[in-house]
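One structure below.
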Amino acid sequence: MSFLITGLWLLLAVTAFAAGLCLGGLLRQHRWAADCVPHTVSRSRDDRLVLACIELADQLTSEALRAQVHRALADAGVQVIAACGEPFSTLRHRAVDREPTDDPGRHGLVAAVVRPGYESGPEVLREAEVTVFDHTRTNEENRS
């Protein structure tokens, strides 16, 4: 009887060890996937394909090929965030630089897009990385 109990404990220990290895691998894989996929996007197969197309568009040097990928993304309901000239929004843009301007009317507007952003309906898949106009008041303007 004790031989049977010892064997069951051994089987249980081996099973627990194997399950721990599998679970550890899944957790490492999940952590990697979580780092690669924005938190605002679910991890369905379609979403992974959309994110792969976005990454591909980033790497293309041909404007014609990039436009083709953008058309395919548009067919899937994903739009490039048009940013130039828009007021800067922390929901849709991420400021990576500033562009000084003498025109106070341009302050806070997007001057240039460094890396395009993408949205699907109201959901932002990736914020546009942008340069923002910055009008710093001169001493003369501060006195008036």
Side-chain angles (χ1 to χ4, degrees), residues 5-144:
I5 293 174
T6 304
L8 286 175
W9 275 110
L10 182 61
L11 180 61
L12 182 61
V14 169
T15 304
F17 178 76
L21 288 177
C22 291
L23 183 59
L26 288 173
L27 288 174
R28 280 191 301 278
Q29 182 180 4
H30 172 71
R31 276 192 222 110
W32 175 82
D35 291 342
C36 295
V37 179
H39 298 290
T40 57
V41 178
S42 65
R43 292 183 184 94
S44 73
R45 182 179 353 164
D46 291 344
D47 291 337
R48 288 191 307 258
L49 287 172
V50 165
L51 292 172
C53 288
I54 288 171
E55 288 179 26
L56 175 65
D58 286 343
Q59 297 172 16
L60 292 173
T61 56
S62 165
E63 287 298 321
L65 289 176
R66 187 177 300 114
Q68 188 173 358
V69 170
H70 285 168
R71 280 191 301 274
L73 285 167
D75 289 344
V78 176
Q79 300 296 322
V80 176
I81 295 176
C84 283
E86 286 185 2
F88 176 78
S89 165
T90 57
L91 300 175
R92 302 177 76 221
H93 309 123
R94 185 160 59 104
V96 295
D97 203 358
R98 63 181 192 91
E99 178 72 28
T101 181
D102 294 332
D103 182 0
R106 294 171 80 182
H107 181 75
L109 297 179
V110 173
V113 176
V114 175
R115 184 175 175 212
Y118 297 88
E119 60 191 357
S120 179
E123 182 179 26
V124 174
L125 303 176
R126 183 177 80 191
E127 299 150 330
E129 294 179 3
V130 298
T131 300
V132 181
F133 283 119
D134 182 24
H135 175 72
T136 51
R137 298 175 67 159
T138 64
N139 287 337
E140 275 183 37
E141 290 173 322
N142 286 333
R143 281 181 273 199
S144 51

Practice task
Please list, chain by chain and in numerical order, all residues satisfying side chain to side chain contact (heavy atoms under 4.5 Å, CB included) with V110, sequence neighbours excluded.
Solution key: A83, H93, V130

Completion exercise
CZ (R94) and CZ (F88) are apart, to the nearest 0.5 Å, by 10.0 Å

Exercise for the section: List in chain and number order the residues that pass salt bridge (charged side-chain N to carboxylate O under 4.0 Å, His left out) with E127, two or more places apart in sequence or in another chain; answer none if no residue qualifies. Expected result: none

Handout entry: Sub-4.5 Å side-chain heavy-atom contact between L125 and E123
Key = yes

Problem - Value rounded to 0.5 Å, distance of NE2 in H135 from CG in D102 - result: 7.5 Å

Handout entry: Distance in Å, L56 CG paired with L73 CG, rounded so as to fall on 0.5 Å steps
Key = 9.0 Å

Handout entry: R66 side-chain N/O to L60 backbone N/O, donor-acceptor pair under 3.5 Å
Key = yes

Handout entry: Close side-chain approach of V114 to T131, heavy-atom, < 4.5 Å
Key = yes

Handout entry: Residues forming a salt bridge (charged side-chain N to carboxylate O under 4.0 Å, His left out) with R92, sequence neighbours excluded
Key = E86, E119

Exercise for the section: Could you grab the distance from atom CZ of R115 to atom CD1 of I54, nearest 0.5 Å is fine? Expected result: 9.5 Å

Completion exercise
For S120 and V78, the nearest pair of non-hydrogen atoms, with its separation, is CB-CG2, 4.3 Å

Handout entry: Nearest-0.5 Å distance that lies between atom CG in D47 and atom CG in L51
Key = 6.5 Å

Exercise for the section: Only counting residues at least two apart or in another chain, list the ones meeting salt bridge (charged side-chain N to carboxylate O under 4.0 Å, His left out) with E99. Expected result: none

Practice task
Taking the side chain as every heavy atom from C-beta outward, state whether C84 and V113 have any atom pair closer than 4.5 Å.
Solution key: yes

Exercise for the section: Would you list the pairs meeting salt bridge (Lys or Arg N to Asp or Glu O under 4.0 Å) in which at least one residue belongs to residues 76-85, sequence neighbours left out? Expected result: none

Handout entry: Spacing of CD1 belonging to I81 relative to OH belonging to Y118, to within rounding of 0.5 Å
Key = 9.5 Å

Problem - V69 to A57 - nearest heavy-atom pair and separation - result: CG1-CB, 3.9 Å

Problem - salt bridge (charged side-chain N to carboxylate O under 4.0 Å, His left out) against D134, all qualifying residues, sequence neighbours excluded - result: R98

Practice task
Decide yes or no for P116 and R126: does some side-chain heavy atom of the first lie under 4.5 Å from some side-chain heavy atom of the second?
Solution key: yes

